[in-house]
Number of protein chains: 2
Amino acid sequence: MIADQAKAMSSFLPTEQRLQITCRQHPAFPREPAVLVRLIKHIYKRVHDDANALLKPWGINHPEYNLLMMLYGTERYTLNPSQLAEAAGEKSANITRLTNELCDKGLIERTASDEDRRKIALTLSKAGIAMIESFLPDICTLLERQTAGLQPREMLQLEKLLKKFLGQLELA
Amino acid sequence: MIADQAKAMSSFLPTEQRLQITCRQHPAFPREPAVLVRLIKHIYKRVHDDANALLKPWGINHPEYNLLMMLYGTERYTLNPSQLAEAAGEKSANITRLTNELCDKGLIERTASDEDRRKIALTLSKAGIAMIESFLPDICTLLERQTAGLQPREMLQLEKLLKKFLGQLELA
DNA sequence: TATAGATATTACATTTATGTATTAAATGAT
DNA sequence: ATCATTTAATACATAAATGTAATATCTATA
């Protein structure tokens, strides 16, 4: 059990030890918050890389996937660029480039909004919906596998704590 | 209380609602893992941006900070490029560029290793140590503020769950 | 209706991150 | 000792992400 955990933590252990040493040299350094931030970073990188690898056969990457899924999760599969930016957590400058690429690939369509001519509507095309439905089974499998180490109860707890964390980050 | 949470969650709520809709359209979609992954992403981006903003006056960015701190947390302030890559969670191709910049700024030094001529030792310079000690108070303040919403007990719980999550990611 | 202010969107330049291929040196087997 | 294999490190080309500034349309007010 202890051995298992040591093995599972192999990539993070050295990082944690270095934070430990830092605390000795600089006692005011808050070990716990620093560990959390590092863990978040390591997890994010891993999740990002896994998704990119899975999606490669479809010719899209993780950020593009996120955009497609945000549209897929919206009534009539339609959002403005700015809504999409917020939903996907991308900066607006990135949205232009990413949606251009998705348009070029025929996965989404742009149409001018009638009500407000400042706005543009981004809508999933038939091909886009079809592609989503073709990779979703693999995505589901990946998500299940990535979280296989957590009990349902632990996942709920983790969700609650991460939301609290994010909430505080947005206050500051 | 409920209002507070809703307010604090303002940026994540739309994302969560979209995942909800996705589940209705595709019942096999595992909502909980997807929410966790999204939360990680949102938190990471925020933490990354905050650190970059804080470090700007010193002329370094978050990845460079991470490298400096990994050296600072090591005996004799010295690591090989490959150890540094693993500790900081950067791909090796990035290490060359980042350490070049840190060398140019006089914050670290390169010396050839005697034992193994394949290796290069990267060591914090006096200027590097001085810079770290000059920004550390601000970093400590930032870390404290970012986690101010979490009780010590909650942080420990979060750490435990994130480690479990990361451990599983590395198995897969 | 004219105009000031706000918001959305995009274009462009720059910085950051990654993938692939190459070089160099150590290790191990014959 | 020699050659094949492995590992470390880097160079170069490409892709991704960001910041800044410019443009266009809306809203509200005089």
Side-chain angles (χ1 to χ4, degrees), chain A residues 41-42 44-57 59-68 78-105 108-123, chain B residues 41-42 44-67 78-105 108-123:
Chain A
K41 180 187 165 134
H42 280 243
Y44 172 71
K45 288 234 166 186
R46 190 73 191 214
V47 163
H48 184 68
D49 289 350
D50 284 357
N52 276 327
L54 185 149
L55 293 163
K56 192 158 217 170
I60 63 171
N61 59 24
H62 190 209
E64 290 170 325
Y65 160 83
N66 280 329
L67 299 193
L68 293 176
T78 299
L79 287 172
N80 302 323
S82 54
Q83 293 172 308
L84 194 52
E86 164 148 48
E90 291 289 338
K91 316 240 161 138
S92 71
N94 264 341
I95 294 296
T96 304
R97 175 178 54 89
L98 292 167
T99 56
N100 280 343
E101 289 166 6
L102 291 172
C103 277
D104 292 347
K105 292 170 188 166
I108 67 175
E109 285 156 8
R110 288 175 205 258
T111 47
S113 164
D114 289 330
E115 336 131 0
D116 186 337
R117 265 171 294 176
R118 288 179 300 186
K119 296 182 180 175
I120 285 186
L122 299 165
T123 308
Chain B
K41 180 187 164 133
H42 279 243
Y44 172 71
K45 288 234 167 188
R46 190 74 191 214
V47 163
H48 184 67
D49 290 350
D50 283 358
N52 276 328
L54 185 150
L55 293 163
K56 192 157 220 173
W58 282 273
I60 63 171
N61 61 23
H62 191 208
E64 290 171 324
Y65 160 83
N66 281 329
L67 299 193
T78 299
L79 287 171
N80 302 325
S82 54
Q83 294 172 307
L84 195 52
E86 164 148 49
E90 291 288 337
K91 319 242 161 133
S92 72
N94 264 340
I95 294 295
T96 303
R97 176 179 53 90
L98 291 167
T99 56
N100 280 343
E101 290 167 5
L102 292 172
C103 278
D104 291 348
K105 293 171 188 167
I108 67 175
E109 285 155 9
R110 288 174 205 260
T111 47
S113 165
D114 290 331
E115 336 129 2
D116 185 337
R117 265 169 296 175
R118 290 180 298 187
K119 295 182 180 174
I120 284 185
L122 299 165
T123 307

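Below, chain A is the first sequence line, B the second, and so on; all start at residue 1. The structure displayed is predicted, hence computed values, not measured ones.
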> OP1 or OP2 of C:dA26 less than 4.0 angstrom from a side-chain nitrogen or oxygen of B:R117, does that happen here?
Replying inline: yes
>> Does B:R117 have more than 12 heavy atoms from other residues, nucleotides or ligands lying within 6.0 Å of its CZ?
In response: no
> For the residue pair A:N52 and A:H62, what are the closest heavy atoms and their distance?
Replying inline: OD1-N, 2.7 Å
>> Testing the basics here: between A:P63 and A:E90, what is the closest heavy-atom pair and its distance to 0.1 Å?
In response: CB-OE2, 3.8 Å
> Which nucleotide of DNA chain D is the first, and which the last, in the 5' to 3' direction, to come under 4.0 Å of a heavy atom belonging to chain B?
Replying inline: D:dT7 to D:dT18
>> Counting C-beta onward and ignoring hydrogens, is there a side-chain heavy-atom pair between B:N80 and B:L84 closer than 4.5 Å?
In response: no
>> Check this for me, if you would: do A:K91 and A:E86 make a salt bridge, where the nitrogen-to-carboxylate-oxygen distance has to be below 4.0 angstrom?
In response: no
>> Protein within reach of the bases, or only the backbone? For nucleotides 5-20 of chain C, mark each nucleotide 5' to 3' as B, S or -, using heavy atoms under 4.0 Å.
In response: --BSSB-----SBBB-
> Are the side chains of A:I108 and A:L68 in touch, meaning some heavy atoms are under 4.5 Å apart?
Replying inline: yes
>> With a 4.5 Å cut-off on side-chain heavy atoms, are B:V47 and A:K41 touching?
In response: no
> Which pair of heavy atoms, one from A:I120 and one from A:P81, lies closest together, and at what distance?
Replying inline: O-CD, 3.1 Å
